[in-house]
Amino acid sequence: MTRPPLLEIQDLRTYFYSRAKEAFIRSVDGVSLAIAPGETLGVVGESGSGKSVTALSILGLVGGNPGVITGAVHFAGGNGASGPRNLLADLERYVSLTKHDGRIVAVAKDEPGWRAHVERALARVRGKQIAMIFQNPKSSLNPFVTVGQQISEAVRLHTGVTHASEAKERALGWLERVRMDSPRLRFDQYPDGLSGGMCQRAMIAMALASEPSLLIADEPTTGLDATIQSRIVALLAELKSEFGVTTLLITHDIRVVSRLADTVAVMYGATVMEHGPARDVLAPGVEPKHPYTSALLASLPSTQTNGRRHAVDGRLPVIRGEVVDTMNVPRGCRFHARCDRITDAIRARCMGEEPALATVAAGHRMRCHLHPGEARGG
Ligand code: SF4
């Protein structure tokens, strides 16, 4: 990356504490990523890989009393006058950690102080400098307020527009930009009167109406039917070329990432397995590839077979085995129980030593003993 990043996540760890099991669930376990201005970073992985918790941790939106969030999230948005700001700064004041072998094994925490600090530190960032769109847009919109009022409110709160008539005109403009059918009619409707696809367009309009520096889209197509999904992806692609909003795109659907992302991070077992330009990470035939990325790509329907392939018994190939239990992260490579690329030469290392995230080509990092590259931590 040549330009200074807009957002840089350094060694982010978000652990939840299970009182019943007296153990930590390591939902995010040492994630380091960066997004350049104007770039779309796609974070992809199966359910439970930690991608959504990574996004939520950036904004302190992690519910369920996280045991701890550590690391740094440097954000250069807003007026940018004072340079990047660590959104997680000073959180450590509220916790004391006990570590063993570099891992956190116990935490004592001032919970009310932690909560109040997060609210203070992030109140002006959320919605304004960093906006989010979620899956299930219907439940994310306020059911008692018309769509138009909700978007107008975002305009008033975040752009300095004070006149109701101007806020309304801007809101209508955003409804047009997200290709909402009959925007003037939809403006006065409540979310319940709109389809799922329309609600997602309204959510996108509301997020963009605050003119954020960064947009976080967390599974923006999940829960919509297939036709609507592809229309929302087409809309996001159009908006990307029109406005160039820097975007962190979280999805389990590798096809969505391949359509929209400039760079891709593949997450597994709460950490990053591969990170690099989309053309290197996702393009078939481009090597090296992480065995987990290869397995994800192999699980996609093939265009040559109209999506109906395949394997011996006619079913889509799936990645064998279960996703890793982040309460009991195994020794060695987190993917070793499911990996079909282990060779005798590296078996002992795969089982006993976690690979570092190593640089294998310019801007391309991988966590695999098959591709030792140049280790730089992270
Ligand atoms: Fe597979 Fe070993 Fe590479 Fe892990 S380190 S992905 S187990 S080959």
Side-chain angles (χ1 to χ4, degrees), residues 9 11-13 24-33 41-51 53-54 101-103 250-254 257-258 261 263-300 311 316-378:
I9 303 169
D11 197 26
L12 179 69
R13 290 169 200 269
F24 281 101
I25 302 158
R26 300 167 199 275
S27 295
V28 180
D29 201 16
V31 165
S32 297
L33 291 169
L41 167 66
V43 180
V44 69
E46 293 166 283
S47 292
S49 59
K51 54 193 190 306
V53 182
T54 298
D101 283 345
R103 290 190 160 173
I250 309 286
T251 178
H252 67 278
D253 191 337
I254 211 162
V257 165
S258 63
T263 53
V264 175
V266 180
M267 284 189 69
Y268 182 79
T271 199
V272 174
M273 290 304 208
E274 184 170 6
H275 176 220
R279 62 179 179 275
D280 296 341
V281 176
L282 299 180
V286 176
E287 292 294 338
K289 269 196 174 39
H290 192 280
Y292 179 57
T293 310
S294 297
L296 283 179
L297 289 169
S299 69
L300 286 174
L316 283 170
V318 291
I319 306 173
R320 68 181 170 84
E322 301 291 325
V323 293
V324 74
D325 174 1
T326 51
M327 203 182 292
N328 292 298
V329 176
R331 277 172 59 81
C333 171
R334 293 167 197 230
F335 189 55
H336 79 249
R338 305 173 78 191
C339 184
D340 60 6
R341 302 277 177 89
I342 302 180
T343 62
D344 287 343
I346 59 166
R347 189 172 306 278
R349 292 185 74 199
C350 292
M351 312 283 275
E353 180 190 330
E354 177 149 45
L357 195 59
T359 299
V360 294
H364 190 179
R365 301 179 300 160
M366 204 172 290
R367 196 185 287 280
C368 177
H369 291 308
L370 283 174
H371 309 289
E374 181 191 336
R376 287 181 187 163

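Bear in mind that the values here come from a model prediction, so they are computed numbers and not experimental data. Both ligands and their constituent atoms are indexed starting at 1 by order of listing.
The distance from the SG atom of Cys339 to the NE2 atom of His369 is 10.5 Å, given to the nearest 0.5 Å.
Taking 4.5 Å as the limit, some side-chain heavy atom of Lys289 sits within range of a side-chain heavy atom of Leu297. Side chains of Arg13 and Val28 form no contact here, defined as non-hydrogen atoms less than 4.5 Å apart.
Distance alone, capped at 3.5 Å, places no donor-acceptor pair between the Arg334 side chain and the Val323 backbone.
Between Phe335 and Tyr268, the two ring planes are perpendicular [angle over 60°; tilted spans 30° to 60°].
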If you apply the rule side-chain contact (heavy atoms from CB on, under 4.5 Å), what do you find for Leu41 with His275, and how did you get there?
CA-CA 10 Å; Leu41 167 66; His275 176 220; 3.9 Å; yes
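Ordered by chain and number, Cys368 SG make up the set of protein N, O or S atoms under 2.8 Å of atom 3 (Fe) of ligand 1.
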